[in-house]
Participant: 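Take a look at this one; I'll ask things after.
A note on names: the letters A, B, ... follow the listed sequences, proteins ahead of strands, and every chain is numbered from 1.
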Protein chains: 2
Amino acid sequence: MDAIDLNLVDLLRNNARLSYAELARQVGLSAPAVHERVGKLETSGVLRGYRADVEPEAVGLGVTALIGIVEDSGADTDDVLAAFRNMPEIESCYFMAGVESFLLKARVGTIAELEQLIVRLNRTPGVASTRTSIALSTKWENRPQPVSPPAA
Amino acid sequence: MDAIDLNLVDLLRNNARLSYAELARQVGLSAPAVHERVGKLETSGVLRGYRADVEPEAVGLGVTALIGIVEDSGADTDDVLAAFRNMPEIESCYFMAGVESFLLKARVGTIAELEQLIVRLNRTPGVASTRTSIALSTKWENRPQPVSPPAA
DNA sequence: ACCATCCGTGGACGCCATCGACCTCAACCT
DNA sequence: AGGTTGAGGTCGATGGCGTCCACGGATGGT
């Protein structure tokens with residue numbers, strides 16, 4: 001992970017569809033060299049994948065909610081996690097310090113669907129209680145923060 | 001936005017670096033047709049961009065926190081937002097229903113940097129109080145949820 | 001029935017991805 | 001010191017891809 005790798009990561013974070021040739025131009029190496037570096041960043045796990053950033057409303061997911069979860073005292077955290085993993089509406093899942101063990105970010109199409117999700121969460125074994133906050137609007141999300149100050 | 005468009009969106013959400021030729025094979029059209037469709041999805045704002053998904057620890061951002069913000073009674077929300085926008089550590093910013101007007105997701109390298117961020121937030125004009133929860137681990141994040149059930 | 005429009009296909013051409021051969025340099029061993 | 005080794009780069013070649021263009025078939029309005 002030298003400065004060129006960080007530069008590549010940065011470029012791909014801002015536009016994952018850049019060609020290797022273009023990346024090569026930007027970092028001042030040849031295309032095969034960049035190809036090999038990116039390959040190593042992928043296999044080493046630094047680059048986990050490439051995702052299109054989609055306007056949620058456009059695909060019928062206009063409701064965003066953040067849900068805190070309090071676990072039962074004797075709950076098996078792995079089982080709870082597995083249950084959450086089977087709910088596709090849960091886009092993100094953080095294991096938190098504090099009374100609420102989990103913080104979930106969920107995205108659904110309607111308030112009715114959110115209600116159904118909350119009911120399912122409360123029925124999940126190991127879940128003691130849920131606390132849901134609705135996002136009125138998303139100002140921004142997953143903004144990539146610059147990782148390499150010296151962009152040559 | 002027909003079924004083929006949804007299919008394309010789905011494919012690009014899971015791998016934004018797929019070639020047009022490959023996309024064409026998967027949806028059963030020619031490459032130029034796919035090229036044009038994707039172009040329209042981009043200009044219409046459905047596809048906002050393409051991002052590499054980076055392991056945060058690998059780029060020195062091992063600490064994730066979620067921060068609730070209570071605004072002053074007379075605060076100018078736009079000014080507060082602008083201040084947040086200038087803090088690159090804030091990766092996501094939701095405007096919420098409830099006492100806490102904003103929910104921020106921030107990512108920093110160390111607890112010390114988190115402390116500095118919280119101090120800066122509390123000093124920001126319009127911010128009455130902050131409530132920070134630290135994520136001990138991220139189970140998953142921004143998992144794309146399937147948007148087109150019939151992947152014919 | 002006609003025409004305009006939309007959306008697709010197929011062909012062409014230049015650029016890109018990717019492989020292999022070779023080069024350079026630094027580290028290390030003897 | 002000199003030789004060896006390995007990592008990581010360049011260059012050149014080739015097959016596939018991106019992208020432009022001309023063309024064609026369905027659809028809907030008049």
Participant: Show which residues join A/Val119 in its hydrophobic cluster (side-chain heavy-atom contacts under 4.5 Å, direct or indirect), or state none.
Facilitator: none

Participant: Taking only heavy atoms on the protein side, list every residue of residues 15-22 of chain A lying under 4.0 Å from any atom of DNA chain C, sorted numerically.
Facilitator: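 Residues of residues 15-22 of chain A under 4.0 Å from DNA chain C: A/Ser19, A/Tyr20, A/Ala21.
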
Participant: For the rings on A/Phe102 and A/Phe95, is their centre-to-centre separation under 6.0 Å?
Facilitator: yes

Participant: For B/Lys105, is there an ion pair with B/Glu141 - N to carboxylate O distance below 4.0 angstrom?
Facilitator: yes

Participant: Using modelled atom types and a 3.5 Å cut-off, is there a donor and acceptor pairing between side-chain atoms of A/Trp140 and backbone atoms of B/Ile90?
Facilitator: yes

Participant: How long is the gap from OG on A/Ser129 to CD1 on A/Ile69, to the nearest 0.5 Å?
Facilitator: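 If we round to the nearest 0.5 Å, A/Ser129:OG and A/Ile69:CD1 are 8.0 Å apart.
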
Participant: Where the side chain of B/Asn7 meets the backbone of B/Ala3, is there a donor-acceptor pair that is under 3.5 Å apart?
Facilitator: no

Participant: Quick check: closest heavy atoms across A/Asp2 and A/Arg37, and the distance to 0.1 Å?
Facilitator: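 The answer is OD1-NH1, 2.9 Å.
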
Participant: Reading DNA chain C 5' to 3', which nucleotide is the first, and which the last, to come under 4.0 Å of any heavy atom in chain A?
Facilitator: C/dC16 to C/dC19

Participant: Sort and list the pairs that fulfil salt bridge (Lys or Arg N to Asp or Glu O under 4.0 Å) and have at least one residue in residues 66-78 of chain B, not counting sequence neighbours.
Facilitator: none

Participant: Any residue in residues 31-39 of chain A with a heavy atom nearer than 4.0 angstrom to DNA chain D? Just list them by number, or reply none.
Facilitator: A/Pro32, A/Ala33, A/Arg37

Participant: So, taking the atom named CD in A/Gln116 and the one named CD in A/Glu113, what distance separates them when rounded to the nearest 0.5 Å?
Facilitator: 6.5 Å

Participant: Among B/Leu12, B/Asn14, B/Asn15, find the residue that satisfies the side-chain contact (heavy atoms from CB on, under 4.5 Å) test when tested with A/Tyr50.
Facilitator: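 Testing A/Tyr50 for a side-chain contact (heavy atoms from CB on, under 4.5 Å) against B/Leu12, B/Asn14, B/Asn15 leaves exactly one candidate, B/Asn15.
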
Participant: Does A/Lys40 have a side-chain nitrogen or oxygen under 4.0 Å from the phosphate oxygens OP1 or OP2 of D/dA7?
Facilitator: no

Participant: Taking only heavy atoms on the protein side, list every residue of residues 43-53 of chain A lying under 4.0 Å from any atom of DNA chain C, sorted numerically.
Facilitator: none

Participant: Please lay out, stage by stage, how A/Asn142 and B/Asn142 fare under the test side chain to side chain donor-acceptor pair (under 3.5 Å).
Facilitator: CA-CA 9 Å; A/Asn142 301 121; B/Asn142 302 119; 2.8 Å; yes

Participant: So, applying side-chain contact (heavy atoms from CB on, under 4.5 Å) with A/Ile134, which one of A/Ile111, A/Leu66, A/Thr64 is it?
Facilitator: A/Ile111

